[in-house]
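Working notes, structure below.
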Amino acid sequence: MNHLSLDSDGDGFPDDIDQDDDNDGIPDIYEDGCETNVGFGSPPPSNSTTNYVTSIYTDYNGFWTSSVGSLNPKAYDDVSTLLGFTVGSNTYATGVVSTRMIDSDNNSYYDQIDTDGNGIGDLNVEETSWRALKPVTKILSGIRLEGRSIDGNNGQAAGPLLTTGGIPFNPYLYQGERGLDMAYAIANIGNAWYFRLGGTNTPAYGDGIMDILLTQGAQLSGGSNYNRLHLLDKDGNYLGNGVEVNWNNTPIVGNSMIDQYNVNDTPNNKNVKKNIRLAAVELSEFGLTAAERTEAVIFRLEISANADPVFFAVNDDSFSTGCSPTDSDGDGLANGLDLDSDNDGILDAVEAGHGVTTVNGRIPGPVGTDGIPDAIQAPSQYNNGTINYNIADSDNDAFLNYTSIDSDSDGCYDVVEAGFTDPDGDGLLGNSPVTINSSGMVLGQGGYTTPVDGDGNTVYDYTEAGNSPTVSTIPTNAIIFDGHPGNLNITTTNTTQYQWQVSTDGGANFTDISDFGMYSGTDTDTLTINNPDMSMNGYLYRVELFNDAYTCSPSSTSNSITLNIRVQTIITNRKVTYRVN
């Protein structure tokens, strides 16, 4: 079968366009290892770039162009996808399909633009293709700017609910063909975003062809307005120097008419003009060494509060925009196709934490054109490649639960805490090596049932850090008066159950006691002896402790308490006091 037509999860979308190849509710951008879960230090200084875009060409109303020297007096107010742009003496084709774009040598790359609509190319362009990157940072703050016709109402801001409820702004940065739709922008951010790459194409370094395209889609406010861009390796180490675009110095290349929406989708403004500025960066501006050029796999984009990105795009010939598939459990099946990516016997769909019922590890029901099940998307964001939940990382160690064999970092493997078997103690289901089926599930070793919740608090034990029960304080002996109730108290931690025991033979043997007659509170931290007598003098008591939420070492036993029975020396009866010798 042609790999382009392979449909691993049978949802009707081939894997090459399916953003969740196994329908487990974890997008491929995470399962392929594209997520950026490393810590970052302070970035190095940045050098300024002056590679300003001086002309743009879009498909608004069929064809729309504007330039610094001759601004188009008509501002677009709807979908407008970038066809090409000019930096210096070069104009770059983006690869977006349009009748205005000409491939005169039939090599599948556009080399001319038909600027006057007569069907003949009259502007030569670089045979390049570009695409907007998806940030792995979840963008939850800002103001949404969108072309005023997108909501179907030019008279007022009445856009669809796309951000309510904490749904991220991310999709606005990769709308349209190749993600180059210019009808959206995000304002008032003041943040740093991260983008993951598969790698850098070394021959692109210093070839004089632009490699990165940055955008600014709104009026600038007073003060500093900038983007700062840095490259990092897979471990979060900065490479070379940064590159800064100063938007205050960048010329306006066009205008748009937009509506503005707050995070909660309430209108912020309507039918307002916004400036368009673009700038480009060439890889050599980062000052990378030969070794660093092969290590750059992460972009850091720092955005000032008044910088308003439309999208962040790269040249396809300069960067690999995918990630090498990750195989966390080494079973030969990439995480994006593996329903148990760490072979712990807990389905990825369970470990992800979305809580949606699955059938054999896959989410049933409707799937949008992005290949992600609708059940884990906001109704207004079907097809946008987003999800409506945070993928679980119980211990916040940057390893998501579905790839971690100890999700809560309590020293007890998930497979054990889930209630499954791990005879060889390697953290994987059953005895290794194991056999898996075509979906990555371990065969013949059990597992794949509902994980254990030992303490019944509705939290699976493998996600809830636990420890062996321990004694904080316990007396070495206790004094109780003959014929009078008395208590033995103990203070513990990590304890869900108690069982008191007594020894009547000096500690040679201990037996469990229960609430009946002489004793009460035998399953609590306070044992009450109701009617002691002198025959019990010297008895030893101890308590067995249990933590039902910690399978690896669920019990421990306290030291013994010696019971001393005494006779009261002062007795009061009928207002007469007697002293007993």
Side-chain angles (χ1 to χ4, degrees), residues 58 60 74-82 132-135 137-177 179-193 214-222 225 227 247 252 254-278 301 303-313 368 370 372 374 376-390:
T58 83
Y60 175 63
K74 181 176 178 58
Y76 67 76
D77 60 2
D78 202 341
V79 173
S80 177
T81 308
L82 188 66
L133 293 183
K134 298 180 178 182
T137 306
K138 184 169 287 188
I139 304 165
L140 297 174
S141 64
I143 291 177
R144 176 174 96 249
L145 314 179
E146 68 174 35
R148 66 192 179 112
S149 293
I150 292 177
D151 58 24
N153 191 325
N154 288 339
Q156 62 181 342
L161 301 180
L162 293 178
T163 53
T164 297
I167 302 302
F169 280 96
N170 296 46
Y172 301 113
L173 298 175
Y174 43 86
Q175 295 282 352
E177 186 178 349
L180 303 180
D181 185 349
M182 299 183 67
Y184 293 94
I186 307 174
N188 297 7
I189 307 158
N191 208 333
W193 298 342
L214 297 110
T215 54
Q216 159 67 27
Q219 259 78 347
L220 298 177
S221 300
N225 299 279
N227 284 170
W247 295 113
I252 298 170
N255 292 291
S256 62
M257 294 295 294
I258 59 90
D259 292 338
Q260 297 181 186
Y261 301 90
N262 298 313
V263 170
N264 64 358
D265 292 299
T266 57
N268 179 279
N269 211 335
K270 65 180 181 180
N271 299 348
V272 292
K273 179 188 280 188
K274 297 294 183 180
N275 300 146
I276 304 168
R277 296 173 171 87
L278 292 86
L301 179 63
I303 307 155
S304 65
N306 295 320
D308 310 309
V310 180
F311 52 71
F312 175 72
D370 55 6
I372 296 178
D374 291 349
I376 56 163
Q377 295 184 300
S380 58
Q381 289 208 345
Y382 298 155
N383 312 321
N384 277 342
T386 60
I387 54 177
N388 63 4
Y389 74 100
N390 292 316

Here the gap from Asn306 atom CG to Trp247 atom CH2, rounded to the nearest 0.5 Å, amounts to 13.5 Å
When you measure from the side chain of Tyr76 to the backbone of Thr58, do you find a donor-acceptor pair of N or O atoms at a distance under 3.5 Å? no
### Query
Do the side chains of Asn191 and Thr137 get nearer than 4.5 Å, heavy atoms only?
no
Say whether, by atom type as modelled, one donor and one acceptor occur between the side chain of Gln216 and the main chain of Ala218 under 3.5 angstrom. yes
d(Lys273 NZ, Ile258 CD1) to nearest 0.5 Å is 12.5 Å
In short, Asp181 meets Val310 closest at the heavy-atom pair O-CG1, 3.9 Å
Between Gln260 and Asn268, is there a side-chain donor-acceptor contact under 3.5 Å, judged purely by atom types and distance? yes
The reported gap from CG in Leu220 to NZ in Lys274 (rounded to nearest 0.5 angstrom) is 10.0 Å
Using a 3.5 Å distance criterion without hydrogens, assess whether the side chain of Thr215 forms a donor-acceptor pair with backbone atoms of Phe311.
yes
With a 4.5 Å heavy-atom cut-off, do Ile189 and Phe169 have their side chains touching? no
Checking Tyr172 against Ile139 for the side chain to side chain contact (heavy atoms under 4.5 Å, CB included) test, could you report, in this order, the C-alpha distance in whole Å, the side-chain angles of both residues, the deciding distance, and whether it holds? CA-CA 10 Å; Tyr172 301 113; Ile139 304 165; over 6 Å; no
When every non-hydrogen atom of Leu180 is compared with those of Ala313, the smallest separation belongs to CD2-CB, 4.0 Å
CG of Leu82 to OH of Tyr60, rounded to nearest 0.5 Å, is 16.0 Å
Heavy-atom nearest pair, Ser256 first then Ile276, reads N-CD1, 4.2 Å
Handout entry: Side chain proximity check, Phe312 to Ile303, heavy atoms < 4.5 angstrom
Key = no
Rounding to 0.5 Å, atoms CG (Asp78) and CE (Met182) come to a distance of 13.5 Å
- Go through the steps to decide whether Gln219 and Val272 satisfy the test side chain to side chain contact (heavy atoms under 4.5 Å, CB included), and finish with yes or no. CA-CA 10 Å; Gln219 259 78 347; Val272 292; over 6 Å; no
Exercise. List the steps and the verdict of side chain to side chain contact (heavy atoms under 4.5 Å, CB included) for Ile387 and Ile376.
Key: CA-CA 6 Å; Ile387 54 177; Ile376 56 163; 3.7 Å; yes
Residues Gly254 and Ile252: closest non-hydrogen pair is O-CG2, 3.3 Å
If we only count heavy atoms from C-beta on, is the Ile143 to Asn262 side-chain gap below 4.5 Å? yes
Heavy-atom closest pair (Tyr261 atom, Pro267 atom, distance to 0.1 Å) is CD2-CA, 4.3 Å
For Asn227 and Leu214, the nearest pair of non-hydrogen atoms, with its separation, is OD1-CD2, 3.6 Å
Quiz prompt | Side-chain donor or acceptor of Asn275 paired with backbone N/O of Asn255 under 3.5 Å | solution = no
In this structure, NZ of Lys138 is separated from CG of Asn390 (nearest 0.5 Å) by 3.5 Å
Taken in chain and number order and not counting sequence neighbours, the residues that satisfy side-chain contact (heavy atoms from CB on, under 4.5 Å) with Thr386 are Pro171, Tyr174, Gln377, Gln381, Asn384
Steps toward side chain to side chain contact (heavy atoms under 4.5 Å, CB included) verdict (Asp259, Asn271)
CA-CA 5 Å; Asp259 292 338; Asn271 299 348; 3.2 Å; yes
